[in-house]
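Counting convention: from 1, in listed order, for ligands and their atoms alike. Positions are given from 1, in the same order as the sequence printed here.
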Amino acid sequence: MQDKPAPDAAARAIADSLSQRFGERLAVDPGLQGLDELARLAAHRSHRRFLPRPVDPALLRLLCACALSAPSKSDLQQSDILILHDKEKRHAITVRIPDMPWIDEAPIFMVFLANGRRLPEIARMRQKPFPNDHLDLFFNASVDAAIVLATFLRAVEAVGLGCCPISAIRDHASFVSTLLELPERVIPIAGVCVGWPGEPGGITPRLGLDATIHHDRYGSGNLAAQIDAYDRRRKARRPYRSQRNPERWGMAAAYGWSEDKARQYAEPLRADFGAFVRAKGFCLD
Ligand SMILES: Cc1cc2nc3c(=O)[nH]c(=O)nc-3n(C[C@H](O)[C@H](O)[C@H](O)COP(=O)(O)O)c2cc1C
(Lines give C-alpha, C1' and ligand atoms only; values in the text may rest on other atoms or scores of the structure.)
Protein backbone atom coordinates (compact mmCIF):
# COMPACT_ATOMS: atom_id res chain seq x y z
CA MET A 1 0.00 0.00 0.00
CA GLN A 2 1.32 3.48 -0.87
CA ASP A 3 2.02 5.88 2.01
CA LYS A 4 -0.11 9.01 1.96
CA PRO A 5 1.99 12.14 1.32
CA ALA A 6 2.23 14.56 4.25
CA PRO A 7 -0.39 17.36 3.98
CA ASP A 8 2.21 19.99 3.09
CA ALA A 9 3.61 17.77 0.34
CA ALA A 10 0.10 16.97 -0.93
CA ALA A 11 -0.83 20.67 -1.00
CA ARG A 12 2.38 21.47 -2.87
CA ALA A 13 1.76 18.63 -5.34
CA ILE A 14 -1.73 19.99 -6.08
CA ALA A 15 -0.43 23.52 -6.59
CA ASP A 16 2.35 22.18 -8.85
CA SER A 17 -0.06 20.16 -11.01
CA LEU A 18 -2.50 23.05 -11.34
CA SER A 19 0.31 25.42 -12.19
CA GLN A 20 1.35 23.10 -15.02
CA ARG A 21 -2.30 22.84 -16.08
CA PHE A 22 -3.38 26.49 -15.88
CA GLY A 23 -0.18 28.54 -15.65
CA GLU A 24 -1.35 29.91 -12.32
CA ARG A 25 -0.23 29.03 -8.78
CA LEU A 26 -3.30 28.45 -6.63
CA ALA A 27 -3.36 28.63 -2.83
CA VAL A 28 -3.91 25.15 -1.33
CA ASP A 29 -4.53 24.96 2.42
CA PRO A 30 -2.61 21.94 3.79
CA GLY A 31 -5.32 21.64 6.47
CA LEU A 32 -8.04 20.81 3.93
CA GLN A 33 -9.45 17.32 4.00
CA GLY A 34 -9.46 15.24 0.83
CA LEU A 35 -6.13 16.51 -0.43
CA ASP A 36 -5.28 13.08 -1.86
CA GLU A 37 -8.42 13.15 -4.01
CA LEU A 38 -7.72 16.72 -5.15
CA ALA A 39 -4.13 15.73 -5.95
CA ARG A 40 -5.40 12.93 -8.21
CA LEU A 41 -7.91 15.20 -9.96
CA ALA A 42 -5.28 17.90 -10.47
CA ALA A 43 -2.77 15.39 -11.85
CA HIS A 44 -5.24 13.71 -14.24
CA ARG A 45 -3.93 12.47 -17.55
CA SER A 46 -5.36 10.11 -20.18
CA HIS A 47 -3.42 6.88 -20.75
CA ARG A 48 -3.06 5.22 -24.12
CA ARG A 49 -0.29 2.69 -23.36
CA PHE A 50 -0.84 -0.17 -20.95
CA LEU A 51 1.13 -2.96 -19.29
CA PRO A 52 0.22 -6.49 -20.39
CA ARG A 53 -1.21 -7.03 -16.90
CA PRO A 54 -4.83 -8.10 -16.57
CA VAL A 55 -7.41 -6.12 -14.63
CA ASP A 56 -9.19 -8.27 -12.06
CA PRO A 57 -12.90 -8.57 -13.08
CA ALA A 58 -13.93 -8.08 -9.43
CA LEU A 59 -11.98 -4.79 -9.35
CA LEU A 60 -13.65 -3.67 -12.58
CA ARG A 61 -17.07 -4.46 -11.14
CA LEU A 62 -16.19 -2.46 -8.02
CA LEU A 63 -15.17 0.54 -10.17
CA CYS A 64 -18.40 0.28 -12.19
CA ALA A 65 -20.43 0.19 -8.98
CA CYS A 66 -18.63 3.31 -7.71
CA ALA A 67 -19.24 5.05 -11.06
CA LEU A 68 -22.93 4.14 -11.01
CA SER A 69 -23.14 5.66 -7.52
CA ALA A 70 -22.86 9.07 -9.23
CA PRO A 71 -25.79 11.48 -8.88
CA SER A 72 -28.55 10.99 -11.42
CA LYS A 73 -31.04 13.56 -12.72
CA SER A 74 -34.34 13.08 -10.79
CA ASP A 75 -32.94 9.68 -9.72
CA LEU A 76 -33.90 8.47 -13.21
CA GLN A 77 -30.71 6.34 -13.59
CA GLN A 78 -30.45 6.71 -17.36
CA SER A 79 -26.99 5.31 -17.91
CA ASP A 80 -25.55 1.82 -18.43
CA ILE A 81 -22.06 0.40 -18.83
CA LEU A 82 -21.24 -2.31 -21.36
CA ILE A 83 -18.00 -4.28 -20.82
CA LEU A 84 -16.86 -5.64 -24.16
CA HIS A 85 -15.27 -9.04 -23.42
CA ASP A 86 -15.55 -10.35 -26.99
CA LYS A 87 -12.19 -9.69 -28.67
CA GLU A 88 -13.60 -10.18 -32.18
CA LYS A 89 -16.27 -7.57 -31.61
CA ARG A 90 -13.67 -5.21 -30.22
CA HIS A 91 -11.45 -5.80 -33.22
CA ALA A 92 -14.37 -5.07 -35.54
CA ILE A 93 -14.49 -1.62 -33.94
CA THR A 94 -10.72 -1.10 -34.00
CA VAL A 95 -10.32 -1.81 -37.70
CA ARG A 96 -12.64 1.14 -38.29
CA ILE A 97 -10.46 3.40 -36.10
CA PRO A 98 -6.92 2.43 -37.22
CA ASP A 99 -5.29 5.59 -35.82
CA MET A 100 -6.19 4.56 -32.23
CA PRO A 101 -4.46 1.20 -31.70
CA TRP A 102 -4.87 1.59 -27.92
CA ILE A 103 -8.50 0.48 -28.33
CA ASP A 104 -7.28 -2.99 -29.33
CA GLU A 105 -4.27 -3.03 -26.99
CA ALA A 106 -5.95 -2.03 -23.72
CA PRO A 107 -6.67 -4.92 -21.35
CA ILE A 108 -10.26 -3.70 -21.00
CA PHE A 109 -12.59 -1.91 -23.39
CA MET A 110 -16.01 -0.78 -22.36
CA VAL A 111 -18.80 1.45 -23.68
CA PHE A 112 -20.80 3.97 -21.67
CA LEU A 113 -24.42 4.20 -22.75
CA ALA A 114 -27.16 6.79 -22.47
CA ASN A 115 -30.41 4.95 -21.78
CA GLY A 116 -33.62 6.78 -22.68
CA ARG A 117 -35.44 3.47 -22.93
CA ARG A 118 -36.12 2.42 -19.35
CA LEU A 119 -38.24 5.45 -18.46
CA PRO A 120 -40.87 5.10 -21.24
CA GLU A 121 -40.84 1.32 -20.62
CA ILE A 122 -41.63 1.93 -16.95
CA ALA A 123 -44.45 4.27 -18.02
CA ARG A 124 -45.85 1.43 -20.13
CA MET A 125 -45.43 -1.13 -17.32
CA ARG A 126 -47.20 1.13 -14.87
CA GLN A 127 -49.82 2.10 -17.47
CA LYS A 128 -49.07 5.79 -17.36
CA PRO A 129 -48.90 8.31 -20.19
CA PHE A 130 -45.47 9.49 -21.25
CA PRO A 131 -45.80 13.05 -22.59
CA ASN A 132 -42.04 13.65 -22.31
CA ASP A 133 -40.74 12.18 -25.51
CA HIS A 134 -38.70 15.22 -26.58
CA LEU A 135 -35.15 16.56 -26.60
CA ASP A 136 -34.90 16.53 -22.80
CA LEU A 137 -35.07 12.71 -22.73
CA PHE A 138 -31.97 12.52 -24.93
CA PHE A 139 -30.25 15.33 -23.06
CA ASN A 140 -30.90 13.95 -19.56
CA ALA A 141 -29.75 10.45 -20.50
CA SER A 142 -26.60 11.85 -22.16
CA VAL A 143 -25.78 14.02 -19.14
CA ASP A 144 -26.31 11.09 -16.76
CA ALA A 145 -24.04 8.91 -18.91
CA ALA A 146 -21.37 11.62 -19.01
CA ILE A 147 -21.46 11.93 -15.22
CA VAL A 148 -21.15 8.15 -14.81
CA LEU A 149 -18.27 8.19 -17.29
CA ALA A 150 -16.47 10.99 -15.42
CA THR A 151 -17.01 9.23 -12.10
CA PHE A 152 -15.65 6.01 -13.58
CA LEU A 153 -12.49 7.86 -14.68
CA ARG A 154 -12.04 9.12 -11.12
CA ALA A 155 -12.52 5.62 -9.70
CA VAL A 156 -10.02 4.20 -12.19
CA GLU A 157 -7.39 6.79 -11.31
CA ALA A 158 -8.01 6.33 -7.56
CA VAL A 159 -6.78 2.71 -7.71
CA GLY A 160 -3.80 3.52 -9.93
CA LEU A 161 -5.26 2.25 -13.20
CA GLY A 162 -5.19 4.43 -16.30
CA CYS A 163 -7.80 5.02 -18.97
CA CYS A 164 -8.72 6.89 -22.10
CA PRO A 165 -12.26 7.75 -23.18
CA ILE A 166 -12.98 7.05 -26.86
CA SER A 167 -15.64 9.16 -28.54
CA ALA A 168 -14.30 8.01 -31.92
CA ILE A 169 -16.72 5.08 -31.65
CA ARG A 170 -19.44 7.62 -32.45
CA ASP A 171 -17.87 8.05 -35.89
CA HIS A 172 -19.34 4.57 -36.44
CA ALA A 173 -22.40 4.88 -34.24
CA SER A 174 -24.76 2.70 -36.31
CA PHE A 175 -22.14 -0.03 -36.68
CA VAL A 176 -21.36 -0.03 -32.94
CA SER A 177 -25.04 0.03 -32.09
CA THR A 178 -25.75 -3.03 -34.25
CA LEU A 179 -22.61 -4.85 -33.05
CA LEU A 180 -23.54 -4.35 -29.39
CA GLU A 181 -27.24 -5.01 -30.04
CA LEU A 182 -28.26 -1.69 -28.50
CA PRO A 183 -32.05 -1.43 -28.39
CA GLU A 184 -34.14 1.63 -29.26
CA ARG A 185 -33.25 4.78 -27.30
CA VAL A 186 -29.94 3.34 -26.03
CA ILE A 187 -26.93 5.05 -27.59
CA PRO A 188 -23.16 4.98 -27.02
CA ILE A 189 -21.69 8.11 -25.40
CA ALA A 190 -18.06 6.98 -25.41
CA GLY A 191 -15.86 3.92 -25.19
CA VAL A 192 -13.18 3.69 -22.50
CA CYS A 193 -9.84 1.84 -22.62
CA VAL A 194 -8.64 0.71 -19.19
CA GLY A 195 -5.42 -0.88 -17.95
CA TRP A 196 -2.37 -0.51 -15.76
CA PRO A 197 -0.43 2.47 -17.15
CA GLY A 198 2.57 1.56 -19.29
CA GLU A 199 4.14 5.00 -18.87
CA PRO A 200 3.64 7.90 -16.46
CA GLY A 201 2.05 10.27 -19.01
CA GLY A 202 1.88 13.98 -18.36
CA ILE A 203 -0.38 16.90 -17.54
CA THR A 204 -2.03 18.56 -20.54
CA PRO A 205 -2.37 22.32 -20.00
CA ARG A 206 -5.89 23.76 -20.18
CA LEU A 207 -7.18 27.23 -21.02
CA GLY A 208 -6.43 29.77 -18.32
CA LEU A 209 -9.03 29.99 -15.58
CA ASP A 210 -9.83 33.59 -16.61
CA ALA A 211 -11.32 32.15 -19.79
CA THR A 212 -13.43 29.43 -18.14
CA ILE A 213 -14.50 30.66 -14.68
CA HIS A 214 -17.10 33.44 -14.71
CA HIS A 215 -18.54 35.54 -11.91
CA ASP A 216 -22.11 36.83 -11.81
CA ARG A 217 -22.30 37.14 -15.60
CA TYR A 218 -20.63 35.61 -18.60
CA GLY A 219 -17.44 37.59 -19.00
CA SER A 220 -16.15 37.18 -22.52
CA GLY A 221 -12.92 39.03 -21.64
CA ASN A 222 -10.32 39.36 -24.34
CA LEU A 223 -10.69 35.95 -25.91
CA ALA A 224 -8.03 36.52 -28.57
CA ALA A 225 -5.42 37.44 -25.93
CA GLN A 226 -6.49 34.52 -23.69
CA ILE A 227 -6.17 32.06 -26.59
CA ASP A 228 -2.78 33.47 -27.63
CA ALA A 229 -1.48 33.19 -24.07
CA TYR A 230 -2.76 29.61 -23.83
CA ASP A 231 -1.26 28.64 -27.19
CA ARG A 232 2.15 29.92 -26.04
CA ARG A 233 1.96 28.28 -22.61
CA ARG A 234 0.85 24.97 -24.07
CA LYS A 235 3.46 25.05 -26.81
CA ALA A 236 6.19 25.56 -24.22
CA ARG A 237 5.01 22.61 -22.14
CA ARG A 238 3.45 20.15 -24.62
CA PRO A 239 4.06 21.17 -28.23
CA TYR A 240 2.17 19.32 -30.96
CA ARG A 241 4.40 16.72 -32.58
CA SER A 242 2.77 17.11 -35.99
CA GLN A 243 0.45 19.51 -37.77
CA ARG A 244 -3.02 18.47 -38.82
CA ASN A 245 -3.78 18.28 -42.54
CA PRO A 246 -0.76 20.27 -43.91
CA GLU A 247 -1.89 19.34 -47.45
CA ARG A 248 -4.88 21.64 -47.01
CA TRP A 249 -3.50 24.27 -44.62
CA GLY A 250 0.27 24.26 -45.12
CA MET A 251 2.81 24.25 -42.29
CA ALA A 252 2.15 26.95 -39.69
CA ALA A 253 5.21 28.68 -38.19
CA ALA A 254 3.48 28.85 -34.80
CA TYR A 255 1.26 25.79 -34.43
CA GLY A 256 -0.72 25.87 -31.22
CA TRP A 257 -3.92 24.49 -29.74
CA SER A 258 -6.19 27.01 -31.46
CA GLU A 259 -4.70 26.29 -34.90
CA ASP A 260 -5.05 22.55 -34.27
CA LYS A 261 -8.68 22.79 -33.12
CA ALA A 262 -9.60 25.19 -35.93
CA ARG A 263 -8.12 22.72 -38.44
CA GLN A 264 -9.82 19.75 -36.75
CA TYR A 265 -13.24 21.39 -36.97
CA ALA A 266 -12.69 22.69 -40.52
CA GLU A 267 -13.72 19.17 -41.60
CA PRO A 268 -17.30 17.93 -41.21
CA LEU A 269 -17.40 15.53 -38.26
CA ARG A 270 -20.23 13.17 -37.33
CA ALA A 271 -22.71 15.10 -39.45
CA ASP A 272 -24.84 11.92 -39.43
CA PHE A 273 -24.99 11.64 -35.63
CA GLY A 274 -28.34 13.46 -35.35
CA ALA A 275 -29.84 11.11 -37.92
CA PHE A 276 -28.45 8.14 -35.94
CA VAL A 277 -29.94 9.41 -32.67
CA ARG A 278 -33.31 9.99 -34.36
CA ALA A 279 -33.18 6.54 -35.97
CA LYS A 280 -32.60 5.09 -32.48
CA GLY A 281 -36.00 6.51 -31.53
CA PHE A 282 -35.09 9.73 -29.74
CA CYS A 283 -37.16 12.81 -30.57
CA LEU A 284 -34.83 15.82 -30.74
CA ASP A 285 -37.51 18.54 -30.87
C1 LIG B 1 -15.76 12.36 -24.00
C2 LIG B 1 -14.30 12.16 -24.37
C3 LIG B 1 -13.99 11.54 -25.54
C4 LIG B 1 -12.66 11.29 -25.90
N5 LIG B 1 -12.38 10.60 -27.04
C6 LIG B 1 -11.11 10.25 -27.32
C7 LIG B 1 -10.83 9.42 -28.44
O8 LIG B 1 -11.70 9.04 -29.22
N9 LIG B 1 -9.53 9.03 -28.62
C10 LIG B 1 -8.52 9.43 -27.78
O11 LIG B 1 -7.38 9.02 -28.01
N12 LIG B 1 -8.76 10.26 -26.74
C13 LIG B 1 -10.03 10.66 -26.48
N14 LIG B 1 -10.30 11.44 -25.38
C15 LIG B 1 -9.20 11.91 -24.52
C16 LIG B 1 -8.89 13.38 -24.81
O17 LIG B 1 -8.19 13.46 -26.02
C18 LIG B 1 -8.08 13.93 -23.63
O19 LIG B 1 -8.89 13.96 -22.49
C20 LIG B 1 -7.58 15.35 -23.96
O21 LIG B 1 -6.64 15.32 -25.00
C22 LIG B 1 -6.92 15.99 -22.74
O23 LIG B 1 -5.88 15.16 -22.24
P24 LIG B 1 -5.88 14.64 -20.75
O25 LIG B 1 -7.11 13.80 -20.55
O26 LIG B 1 -4.62 13.82 -20.62
O27 LIG B 1 -5.88 15.84 -19.86
C28 LIG B 1 -11.62 11.73 -25.04
C29 LIG B 1 -11.94 12.41 -23.86
C30 LIG B 1 -13.27 12.62 -23.53
C31 LIG B 1 -13.59 13.33 -22.23
Take a 6.0 Å sphere around CZ of Phe276 and say whether it holds more than 12 heavy atoms from other residues, nucleotides or ligands. yes

Counting neighbours of CD on Glu267 that are heavy atoms of other residues, nucleotides or ligands and sit closer than 6.0 Å, is the number greater than 12? yes

Ring centroid separation Trp257 to Tyr230 under 6.0 Å: yes

Worked check of side-chain hydrogen bond (donor to acceptor under 3.5 Å, both in side chains) between Asp228 and Gln226: CA-CA 6 Å; Asp228 280 349; Gln226 289 167 339; over 6 Å; no

Contact residues of ligand 1 with a heavy-atom cut-off of under 4.0 Å? Arg21, His44, Arg45, Ser46, Arg48, Met100, Trp102, Cys164, Pro165, Ile166, Ser167, Ala168, Thr204, Arg206

With side-chain hydrogen bond (donor to acceptor under 3.5 Å, both in side chains) as the criterion, how do Asp104 and Thr94 come out once you've worked through the C-alpha distance, each side chain's angles and the decisive distance to 0.1 Å? CA-CA 6 Å; Asp104 229 7; Thr94 319; 3.2 Å; yes

Is any side-chain heavy atom of Asp285 less than 4.5 Å from a side-chain heavy atom of His134? no

